[in-house]
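Contents: one structure, followed by commentary.
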Amino acid sequence: MIKAIRGTRDILPPESGAFQYVETLAREVFRVFNFDEIRTPIFESAELFARSVGTETDIVSKEMYTFADRDETTLALRPEATASVVRAFIELQMSQEPGLKRFYYIGPMFRRERPQKGRYRQFYQIGAEVLGGDHPAIDAEVIEMVVEYLNRLGIRPFSLLLNSIGDSKCRPNFVKALKAAAGEVRDKLCENCQRRLETNPLRVLDCKVESCQPYINRFPSILEYLCADCQAHFSELRGLLDARGIAYQITPRMVRGLDYYTRTTFEITSDLLGAQNSLLGGGRYDGLSESIGGPPVKGIGFAIGLDRFVMVLTQIRPELGMDRPQVYVAWLGTKTLSKAYELTRMLRRAGVRCAIEFDEMKLKKALSNADRLKAAFVLIVGEDEIAKNKFGLKDMKGGSQVFLEERELVTRIQGAREGSAVPA
RNA sequence: GUGGGUGUAGCUCAGCUAGGUAGAGCGCCAGGUUGUGGCCCUGGUGGCCGUGGGUUCGAUCCCCAUCACCCACCCCA
């Protein structure tokens, strides 16, 4: 039997409904912040990711789906989308257009990791990017937008973690100081940290091993090493967030896994997830454009893990994504089918979700089906009804039934929907 | 990539600890007469026991391998 490949899955109702809800709300919230959608290719030149995300990162060095095209160029399924958005900005000369560019995207990403709770090889992200400026107010606006989005969804509690990791001027000094401090207690650190010290020193700060904590706590903080410009940028950002009442935790030990980040980085976590507790992450990337051969273009963005979002959301709001038929059309005898279908078309044109089946069955069976489909109403179309032009409309919740003319059906059914509290 | 756990009907699981080719609940189908669901009753449907080897007269059960899923490490969204 052919099965879905490891780390991929089929998303079915009600989960697919929850995905739709989350996506629709993102479009709404992002729109009022003046963001437009961008759709970039699912695959790109592998080099794009190597040069932006970084060749030494896990994402590029061991998780990317890379393959040779027929002409031998090396392609890769995108492991993230920021690099593509920046590539498009450069390629299409968007810097010639006035003002900042604000984009959002929704779609699948691919990383070949070992699957786990909240972690898939094909997973979905909603992300947003602002290109063309580095004013701290941009950072504040992006963070405000994502917090607004979480609040609208009803996701809570969550923690907003905030940090600044400096830029190419000041970070090297910090890394040097960190390596020196860690080097002194090298043999006291866990095996992982000892390795990370060589490969990616900043990650040592992120270690969760208990025995490492006392040492890590005494390591220098990135915030003490920020240059004047980075410091000013960070404090202005914090002032703006404070002024807008957005709560955050400064976490100097938070590092991000992609090489392109500079200055502002942030992350939002939730306790409702397992070990993969990060709901979204983002930051500024002022040098990314140059690293892929473009002109200087400053930018900031974030990416939301949709799968995890939906996981949290369905815990908080279990009914999310349920969308059942409003009307189940039951017809009695083959002579009534054409009239029944005519009524179905009328209802559908009025926007009513309408179920009808084409095998003849007894009314008892039809009602039973309607019940299992959780239809709100059953419209009964028999020969008597057709003769009198009065159709039975049974309310499945209470069981009461009224007889209505064709023209009365739509308003009656839609009127009932107003009163119901079924979310999208 | 590393570790632990799990793979038996559509679903949730039992049986497997003294090896003899399988059970429950739910579901599904049909009835309990004529055009009214949810409850109840009756009957029925349903599984090469993840896959491939091995041991054995014989394996769902023991051994090996492999695959998949879950959780964790790692990493990240």
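All chains are named by letter (A, B, ...) in the order of the sequence lines, taking the proteins before the strands, and each is independently numbered beginning at 1.
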Review point. Checking all strands, does A/Lys62 fall into the base, sugar-phosphate, or nothing category for heavy-atom contacts under 4.0 angstrom?
Key: nothing
Review point. Would you say the base of B/C75 and the side-chain of A/Gln116 have a donor-acceptor pair closer than 3.5 Å?
Key: no
Practice item. Round to the nearest Å and state the distance from A/Arg121 atom CZ to B/A77 atom P. Key: 18 Å
Review point. Does A/Lys374 make a side-chain N or O approach to OP1 or OP2 of B/G38 shorter than 4.0 Å?
Key: no
Check your understanding: Given B/C28, is OP1 or OP2 found less than 4.0 Å from the side-chain N or O atoms of A/Arg372?
Key -> yes
Exercise for review: Return the 5'-most residue of the pair A/Ile268, A/Glu385 with respect to RNA chain B, ranking by each residue's nearest nucleotide.
Suggested key: A/Glu385
Review point. Within this structure, what is the CZ-to-P distance between A/Phe123 and B/C75, rounded to whole angstrom?
Key: 16 Å
Study note, to complete from the structure: Taken to the nearest whole Å, CG/A/Leu367 to P/B/G37 is 6 Å
Exercise for review: Could you check how far CZ of A/Arg196 sits from C1' of B/C73, rounded to whole Å?
Suggested key: 10 Å
Check your understanding: To the nearest Å, how far apart are A/Glu113 CD and B/C74 C1'?
Key -> 9 Å
Study note, to complete from the structure: Picking from B/A77, B/A72, B/C76, the nucleotide nearest the side-chain atoms of A/Lys117 would be B/A72
Point to revise | Salt-bridge present (A/Glu129, A/Lys101; N to O < 4.0 Å) | key: no
Review point. Phosphate oxygens OP1/OP2 of B/C69: is one of them under 4.0 Å from a side-chain N or O of A/Arg6?
Key: yes
Point to revise | Consecutive-pair stems (3 or more, Watson-Crick or G-U, under 3.5 Å) for RNA chain B | key: B:1-7 with B:67-73, B:10-13 with B:23-26, B:28-32 with B:40-44, B:50-54 with B:62-66
Review point. Expressed as a whole number of Å, how far does the C1' atom of B/G23 sit from that of B/U60?
Key: 13 Å
Practice item. Can you check whether any acceptor in the base of B/C75 is under 3.5 Å from a donor in the side chain of A/Arg119, or vice versa? Key: yes
Exercise for review: Ignoring backbone atoms, establish whether A/Gln276 has a side-chain N or O less than 4.0 Å from OP1 or OP2 of B/C76.
Suggested key: no
Check your understanding: Base, sugar-phosphate alone, or nothing: which one does A/Gly127 contact when heavy atoms must sit under 4.0 Å apart?
Key -> nothing
Show me the side-chain donor-acceptor pairs of residues 50-61 of chain A shorter than 3.5 Å, one per line, residues at least two apart or across chains.
from, atom 1, to, atom 2, distance (Å)
A/Arg51, NE, A/Ser291, O, 3.1
A/Arg51, NH1, A/Glu47, OE2, 2.9
A/Arg51, NH2, A/Ser291, O, 3.4
A/Ser52, OG, A/Leu48, O, 2.8
A/Thr57, OG1, A/Gly54, O, 2.7
A/Thr57, OG1, A/Val60, N, 3.4
A/Ser61, OG, A/Thr57, O, 2.8

**Study point:** Presence of A/Lys365 side-chain N/O under 4.0 Å of B/A30 phosphate oxygens OP1/OP2
**Key:** yes
Check your understanding: On a plain distance test, is the side chain of A/Asp371 in donor-acceptor contact with the base of B/G37 below 3.5 Å?
Key -> yes
Check your understanding: Does A/Arg114 have a side-chain nitrogen or oxygen under 4.0 Å from the phosphate oxygens OP1 or OP2 of B/C71?
Key -> no
Check your understanding: From B/G37, B/G35, B/C76, pick the nucleotide closest to the side chain of A/Ser278?
Key -> B/C76
Exercise for review: Figure out the OH/P separation between A/Tyr120 and B/C75, and round it to whole Å.
Suggested key: 21 Å
Review point. Under 4.0 Å between a side-chain N or O of A/Lys364 and OP1 or OP2 of B/A30?
Key: no
